[in-house]
2 protein chains.
Amino acid sequence: MTAAKSKSVTPIASQEARERIIAAALRAFATAGFEGASTRQIATEAGVAQSLLLYHFGSKDALWRAVMDKLFEGVSVRMAEALRQTRGGSVKDQLLAMIRGFIAICAEDADIHRIMTIEGRQPSERLKWLVDRHLRVGHRQACDLIARGQKDGSVRQGDPTLLYYSFIAIAGTAFSLAPEIALLTPDKEVVSAGAIESLIEALIFL
Amino acid sequence: MTAAKSKSVTPIASQEARERIIAAALRAFATAGFEGASTRQIATEAGVAQSLLLYHFGSKDALWRAVMDKLFEGVSVRMAEALRQTRGGSVKDQLLAMIRGFIAICAEDADIHRIMTIEGRQPSERLKWLVDRHLRVGHRQACDLIARGQKDGSVRQGDPTLLYYSFIAIAGTAFSLAPEIALLTPDKEVVSAGAIESLIEALIFL
DNA sequence: ACAGACCCTGATCGATTGATCAAGACGGGC
DNA sequence: GCCCGTCTTGATCAATCGATCAGGGTCTGT
């Protein structure tokens, strides 16, 4: 960890501050949206000065992009692993692994689905950046898989994109709207990942 | 229109301004969230001065509540009509009417689902107000219907609330994330209400 | 014609926003 | 010891925020 990185002169002192800022910014952006989140509130939650966050990232927009890169780095790693472990399996097994992985991601951190649905609702430069840099690949992979499943008869017919967004909507909404659901059913325990999975299975597969 | 309303002294001059303000505020709240939307931007879009909007509604919070009342007034009218027309029918027919009604509402105005998912993601006084005043009744009605359908064997087993939010998620997401989907599939036409309906049918019914 | 209620606007308030800047703290290389 | 690049802070900027206020316009009732 303290080993010198060949030619790099930077001793990599406090990358921890960057990570704390990104974590706080993720929560703020996910709950209040881009304009609703303030850099001062993010800095306070991260325990640093507000100017430090502009020193590291340059602007609020650049901070948002850094948060998204960090977010989808983790997501793509998990999804790639799920697909790798079922490489030789059937299309249905690969799709199931993808679905289980996405549910697990949403269960661990509901902010992921929150932040994705915040930006997708109006055209903007941020949405364009997000789609081109992070969303396009996953959508393409999933839709290819769905189309192959439709060909071999294991997946329900219909627009692959609609099926893709439907399963994302079910898995994500159950967790991202947890505060609302908790107010509606205060005595009920948290929603279970297994129930969501069987629901999505019934929706996707024949 | 100019007819005197019995004892009421107010001539009800410009209620049109109120409605323009509410319409503009709905769009603003639905896309930018409560904190992200500014009263000046809303006033500009409505073609009035910013102070007029505080004259009519008192505060930004009160304007938000007025927008919600207007929004759910229309929704509850449509849902009540859908249920009334299938009063004598089977549970499945009543649920189908409810689903079709909700899809039609989302197709007409995607802002409804947008605004519902914006507030449900973090605990707040606004969410508490929204749940108690507008969401609780619809949730109760739908879940009762789902439970009855589960008893007579026409509806899939599972937590009624999860089934309820799943069908809302599918119907709403397809329209509220339309800008994102359009960027992903630029050549494709808009998503069809019929495709969504058959998808939800497969999810809900046995 | 006058008075009063309602509707609406422009100016302005203090607070907060994202961004900039000067200055200090810290540590490694000479 | 001294210097220099990195990291961090506090002060401060113009712009914008929600909210308040005084005042004018318009109509109705008398």
Side-chain angles (χ1 to χ4, degrees), chain A residues 1-29 31-68 124-126, chain B residues 1-29 31-68 124-126:
Chain A
M1 206 171 282
T2 56
K5 268 234 272 166
S6 67
K7 189 162 170 289
S8 172
V9 281
T10 58
I12 311 182
S14 185
Q15 183 150 351
E16 179 201 334
R18 284 181 65 107
E19 291 175 2
R20 278 210 318 274
I21 292 173
I22 286 186
L26 169 61
R27 285 191 296 271
F29 287 141
T31 53
F34 179 81
E35 281 120 10
S38 87
T39 56
R40 273 180 181 79
Q41 160 196 346
I42 294 171
T44 299
E45 200 172 344
V48 298
Q50 180 245 2
S51 48
L52 181 64
L53 147 175
L54 287 144
Y55 165 80
H56 276 302
F57 300 97
S59 72
K60 190 184 178 184
D61 268 277
L63 169 61
W64 181 86
R65 289 194 294 270
V67 168
M68 292 300 153
S124 68
E125 280 303 310
R126 282 195 307 278
Chain B
M1 209 170 282
T2 56
K5 265 235 269 163
S6 67
K7 189 161 168 292
S8 172
V9 281
T10 57
I12 311 182
S14 185
Q15 185 149 352
E16 179 203 333
R18 284 182 65 106
E19 291 175 3
R20 279 212 317 275
I21 291 173
I22 285 185
L26 169 61
R27 285 191 296 271
F29 287 142
T31 52
F34 179 81
E35 282 120 9
S38 87
T39 56
R40 275 179 179 83
Q41 159 196 347
I42 293 171
T44 300
E45 199 172 344
V48 299
Q50 181 244 3
S51 49
L52 181 65
L53 142 177
L54 287 145
Y55 166 80
H56 276 303
F57 300 96
S59 71
K60 189 184 178 184
D61 269 277
L63 169 62
W64 181 85
R65 289 193 295 270
V67 168
M68 293 300 153
S124 68
E125 281 304 309
R126 284 195 307 278

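All chains are named by letter (A, B, ...) in the order of the sequence lines, taking the proteins before the strands, and each is independently numbered beginning at 1. Here the structure is a predicted model, which is why all the values come from computation and not from measurement.
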Enquirer: Between C:dT20, C:dT17, D:dT20, which one does the side chain of B:L54 approach most closely?
Expert: D:dT20
Enquirer: Under 4.0 Å from OP1 or OP2 of D:dT6: is there any side-chain N or O of A:H56 that close?
Expert: no
Enquirer: Report the distance from atom CG of B:D61 to atom C1' of D:dG18, rounded to the nearest whole Å.
Expert: 10 Å
Enquirer: Using the closest heavy atom to pick a nucleotide of DNA chain C for each, name whichever of A:G58 or A:Q41 lands nearer the 5' end.
Expert: A:Q41
Enquirer: Contact class for B:S38 (heavy atom, under 4.0 Å): base, sugar-phosphate, or nothing?
Expert: sugar-phosphate
Enquirer: In whole angstrom, give the distance that lies between atom CG of B:L53 and atom C1' of D:dT20.
Expert: 14 Å
Enquirer: In whole angstrom, what separates B:F34's CZ from D:dC17's C1'?
Expert: 12 Å
Enquirer: Short question: side chain of B:K60, backbone of B:A37 - any donor-acceptor pair under 3.5 Å?
Expert: yes
Enquirer: Side chain of A:S51, heavy atoms from C-beta onward: which of C:dG18, C:dT20, D:dC17 has the nearest atom to it?
Expert: C:dT20
Enquirer: How many whole angstroms separate atom CD of A:E19 from atom C1' of D:dC7?
Expert: 16 Å
Enquirer: From the options C:dT9, C:dA19, D:dT9, select the nucleotide whose nearest atom is closest to the side chain of A:S59.
Expert: C:dA19
Enquirer: Give the nucleotide from the list C:dC8, C:dG18, C:dT9 with an atom nearest to the side chain of A:T39.
Expert: C:dG18
Enquirer: Kindly assign one of parallel, tilted or perpendicular to the pair A:F29 and A:F34, based on the angle between their ring planes and the thresholds 30° and 60°.
Expert: parallel
Enquirer: The side chain of B:Y55 lies closest to which of these nucleotides: C:dC6, D:dT9, C:dG18?
Expert: C:dC6
Enquirer: Over all heavy atoms of both residues, which pair between B:L53 and B:I42 is shortest? Give the atoms and the distance, please.
Expert: CD1-CG2, 3.8 Å
Enquirer: Give the intermediate values and the outcome of side chain to side chain contact (heavy atoms under 4.5 Å, CB included) for residues A:H56 and A:L63.
Expert: CA-CA 8 Å; A:H56 276 302; A:L63 169 61; over 6 Å; no
Enquirer: What is the distance, rounded to the nearest whole Å, between atom NZ of B:K60 and atom C1' of D:dT20?
Expert: 17 Å
Enquirer: Just the rounded figure in Å: distance from P of D:dG18 to CD1 of B:I21.
Expert: 14 Å
Enquirer: Mind calculating the distance between CG (A:L52) and C1' (C:dT20) to the nearest angstrom?
Expert: 15 Å
Enquirer: Tell me which nucleotide among D:dC7, C:dA19, D:dA19 gets nearest to the side chain of B:Q50.
Expert: D:dA19
Enquirer: On the six-membered ring of B:F57, is B:R65 placed so that its NZ or CZ lies under 6.0 angstrom from the centre and within 45° of the ring axis?
Expert: no
Enquirer: C:dT20 C1' sits how many Å from A:F57 CZ, rounded?
Expert: 18 Å
Enquirer: Of all the choices, C:dA19, D:dT8, D:dT9, which nucleotide is nearest to the side chain of A:R40 once you look at every atom?
Expert: C:dA19
Enquirer: When all nucleic acid strands are considered with a 4.0 Å heavy-atom cut-off, which category describes A:A37: base, sugar-phosphate, or nothing?
Expert: sugar-phosphate
